[in-house]
Amino acid sequence: MGFMGDRSTLLETGRFARAEAEPGTEAEGAAPAADAQTALTDADFLDKHGAEDVFGEGDPASDAELEARHRVAADKGDPGAMSVLGALLLRRGDLDGAEPYLRGATGEGDRAAANNLGVLLHQRGYPDEAAGWWRVAAVAGSAPAAHALGRHFRERGDEPAAEYWMRQAAESGHALGAYGLADLLEHRGDKGVERWFRAAAEQGHREAAYRLARHLRKGDPAEAEQWYRQAAARGHRRAALHLGAQLEARGELKEAGRWYLTSAKQGEARAACALGFLLRDAGDEDSAAAWWHRAAQDGDGNAANALGALHAARGETETAERWYRTAMDAGDQNGAYNLALLCVAQERTAQAEQWYRRAAYAGHREAANALAILLLQGGDAAGAEPWFSKAAEAGSVDAAFNLGILFASRDEDRTALKWYERAASAGHTDAALQVGIALVRDGEERAAERHLRCAAGGGSAEAAFRLASLLESLAPPPEPVALGEPVGGAARTESEEWYERAAELGHRRAQVRVGMLASARGDVEVAARWYREAAEAGSRNGAFNLGLLLAREGNEPEAALWWTRAAVAGHGRAALRLGLLAARHGDLAEGQKWCVRAMELGPAEVSERAARLREALAEELSA
């Protein structure tokens with residue numbers, strides 16, 4: 001039996017070979033209230049100062065008009081005007097101009113000005129003084145200030161204080177506060193994450209929508225998709241990537257491609273890589289290569305591997321090797337594994353071992369399995385075993401099966417069975433077959449039947465044959481045929497169905513058995529077809545039985561041809577038949593020759609009959 005790993009081909013890493021660590025936030029939640037516009041959303045500030053007309057959505061007034069409108073009043077000491085004018089100057093980046101107005105308004109108890117003064121001081125590099133003003137504003141009920149203060153404490157590692165102020169902002173309906181609270185709770189593994197991500201997402205926070213979708217994707221994929229869509233529609237590139245993956249998984253390739261394209265154009269390398277696979281599968285290799293090239297240049301190792309595979313398939317080994325090296329440089333050890341496969345194809349065994357080792361030391365389980373096979377083929381069984389073990393412990397089903405083979409070759413059947421069972425439990429067809437064989441040998445037929453069914457269902461012809469044999473042996477004896485009932489009229493048994501499955505898969509012994517069952521039913525044509533198929537594939541029993549059918553039909557010359565083929569292959573009964581046939585035709589010397597052959601081949605009964613016939617032919621010759 002061969003080793004599974006010697007069938008290694010280019011590793012199909014798929015669209016998302018390595019799930020990169022998702023960044024916690026994007027720009028919309030990154031800076032601690034450094035956006036002046038955020039501060040200006042304070043609802044109380046707007047109500048108190050009648051600023052809805054100034055900052056309301058769709059207001060045609062420009063910042064210049066607003067500044068001119070409020071400067072006169074601000075210069076006269078109007079707190080509301082000073083607050084608005086300071087906020088406008090802060091948003092414009094005029095910190096020197098904004099500060100006196102904000103300080104003046106703050107001195108008059110304007111909480112929005114206190115919040116914005118905190119923003120200004122934070123931008124100047126005075127975080128502690130900024131926090132003092134944020135606290136003033138937050139205590140006065142400013143949700144943006146509470147959020148900013150929460151972020152301030154989190155950056156300093158004071159999570160209890162951060163949670164307190166974030167919660168104040170969140171419970172006031174502040175989207176960034178809800179998002180910040182959810183992010184903190186998720187970091188700590190606390191409850192309430194989904195609630196606060198949802199609260200922020202429902203207010204249009206795209207990163208919250210994305211993070212909420214990630215929380216929901218296993219439990220409620222339909223709702224997760226809705227949130228991915230909302231975030232993607234608002235320009236979230238990772239949401240577009242994951243939405244594309246969800247759509248592709250259920251076969252909606254056209255829409256998946258649109259979202260991959262959207263994400264890729266926004267600079268998401270994984271989306272460009274996934275789009276490349278989609279285009280390749282559609283037959284557009286040139287466009288696929290273009291997107292893979294773009295993704296690889298942005299550091300996507302999976303895309304570099306895909307380019308390497310593309311060039312390797314075209315026979316451009318130097319270019320393929322270059323891209324595999326690029327994948328390694330990007331931290332993708334599939335590149336080293338694929339380089340090793342490239343070297344194996346070129347019979348550069350030493351280099352292949354080097355690259356397999358590199359990938360295996362980095363934890364690539366299939367590389368560890370392939371390295372073990374390479375060492376075993378070189379005669380280093382002791383060196384191979386630990387690599388097989390490492391690969392198997394890392395989850396390589398092939399390596400577990402190969403360990404079974406290795407221990408079986410040393411007659412350590414118990415250890416071999418343990419590894420076979422491990423591989424079989426992961427769905428390895430050949431391992432299930434080996435477990436079934438071992439259990440039959442130990443007399444555990446029912447347990448063996450379960451494993452043989454798994455292997456046969458997985459497409460193993462040998463398992464189908466052995467299952468059929470087992471079912472046939474376990475079946476009760478057939479009922480006697482009633483008087484007048486045609487022979488073979490009963491329905492086919494399950495064992496016959498498995499024999500036929502194995503025969504159709506090319507199993508020669510099964511083909512002979514199906515032929516025998518057909519012959520017993522009187523279906524000579526079907527029997528002859530299966531015997532012939534087995535015989536032409538090299539089955540000596542098939543050749544012998546085909547000869548019997550042909551002889552029965554009066555076609556002795558062709559029967560003799562098949563018996564000759566069977567006898568040459570070591571079939572004693574075929575040799576005896578040829579001896580009898582030669583004797584009947586008067587060719588005594590030829591008959592003696594086949595009798596000697598039958599005596600050598602056996603079994604005992606055939607040898608005895610062949611010996612008696614030989615003596616009779618010898619007497620006839622000497623008469």
Side-chain angles (χ1 to χ4, degrees), residues 24-52 54-57 79-80 83-84 86-88 90-91 102 105-106 108-123 127 129-156 158-186 190 192-209 211-212:
T25 60
E26 285 196 309
E28 58 193 330
D35 184 352
Q37 193 170 10
T38 298
L40 295 172
T41 60
D42 187 315
D44 286 351
F45 169 77
L46 294 175
D47 291 339
K48 179 179 177 181
H49 298 283
E52 301 95 332
V54 177
F55 298 104
E57 188 176 347
S83 181
V84 173
L88 287 168
L90 175 61
R91 186 163 62 191
L102 291 175
T106 300
E108 295 296 328
D110 190 299
R111 74 177 190 189
N115 177 39
N116 288 339
L117 180 57
V119 173
L120 184 147
L121 291 167
H122 186 275
Q123 290 183 10
E129 189 178 353
W133 289 112
W134 281 331
R135 184 185 293 274
V136 169
V139 169
S142 171
H147 166 251
L149 191 57
R151 290 195 63 83
H152 170 80
F153 282 117
R154 185 170 182 190
E155 286 172 359
R156 276 151 183 73
D158 188 349
E159 291 191 355
E163 182 183 351
Y164 175 81
W165 290 110
M166 289 283 191
R167 195 174 290 278
Q168 293 293 316
E171 289 176 349
S172 297
H174 190 265
L176 289 176
Y179 174 78
L181 177 59
D183 186 62
L184 178 61
L185 294 173
E186 184 180 57
D190 289 348
V193 173
E194 183 181 321
R195 172 195 170 189
W196 293 112
F197 274 143
R198 189 183 295 277
E202 286 173 348
Q203 293 183 65
H205 193 296
R206 67 179 189 180
E207 180 71 16
R211 299 277 288 277
L212 176 60

Can you tell me how far apart [atom1] ([X]) and [atom2] ([Y]) are? Round to the nearest 0.5 Å.
X	Y	atom1	atom2	value
Leu149	Met166	CG	CE	9.0 Å
His174	Gln203	NE2	CD	8.5 Å
Leu117	Asp110	CG	CG	11.0 Å
Phe153	Arg135	CZ	CZ	4.5 Å
Trp133	Leu120	CH2	CG	12.0 Å

Nearest heavy-atom neighbours spanning [X] and [Y]:
X	Y	answer
Ala146	Trp165	O-CB, 3.4 Å
Ala114	Ala137	CB-CB, 3.9 Å
Ala208	Ala200	CB-CB, 3.5 Å
Gln123	Leu90	OE1-CD1, 4.0 Å
Ala105	Ala113	CB-CB, 3.5 Å
Leu102	Ala87	CD2-N, 4.0 Å

Inset, instruction - Examine distances only and state if a side-chain atom of Ser172 and a backbone atom of Gln168 form a donor-acceptor pair shorter than 3.5 Å. - result: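 Here the side-chain-to-backbone pair exists.
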Inset, instruction - Would you check if the side chain of Arg111 reaches a backbone N or O of Gly141 as a donor-acceptor pair within less than 3.5 Å? - result: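 Yes, the answer is positive, given that a donor and an acceptor are paired below the 3.5 Å cut-off.
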Inset, instruction - Please tell me if the side chains of Pro127 and Glu155 come closer than 4.5 Å, counting only heavy atoms from C-beta onward. - result: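 No. Closest side-chain heavy atoms not under 4.5 Å.
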Inset, instruction - Compare all side-chain heavy atoms of Asp183 with those of Arg154 and state whether any distance is below 4.5 angstrom. - result: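 Asp183 reaches Arg154 side chain to side chain.
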Inset, instruction - Taking salt bridge (charged side-chain N to carboxylate O under 4.0 Å, His left out) as the test, write out the residues that go with Glu171, two or more places apart. - result: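 If we apply the salt bridge (charged side-chain N to carboxylate O under 4.0 Å, His left out) test to Glu171, skipping adjacent residues, there are no hits.
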Inset, instruction - Apply side chain to side chain contact (heavy atoms under 4.5 Å, CB included) to Glu163 and list each qualifying residue two or more places apart in sequence or on a separate chain. - result: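 Result, side chain to side chain contact (heavy atoms under 4.5 Å, CB included) vs Glu163: Arg167, Leu181, Leu184, Leu185, Arg188.
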Inset, instruction - Would you confirm whether the ring centroid of His122 sits within less than 6.0 angstrom of the ring centroid of Trp134? - result: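 Yes, the ring centres sit under 6.0 Å apart.
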Legend entry - Geometric class of the Phe197/Tyr179 ring pair [parallel <30°, tilted 30-60°, perpendicular >60°]: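 Ring orientation of Tyr179 relative to Phe197: tilted.
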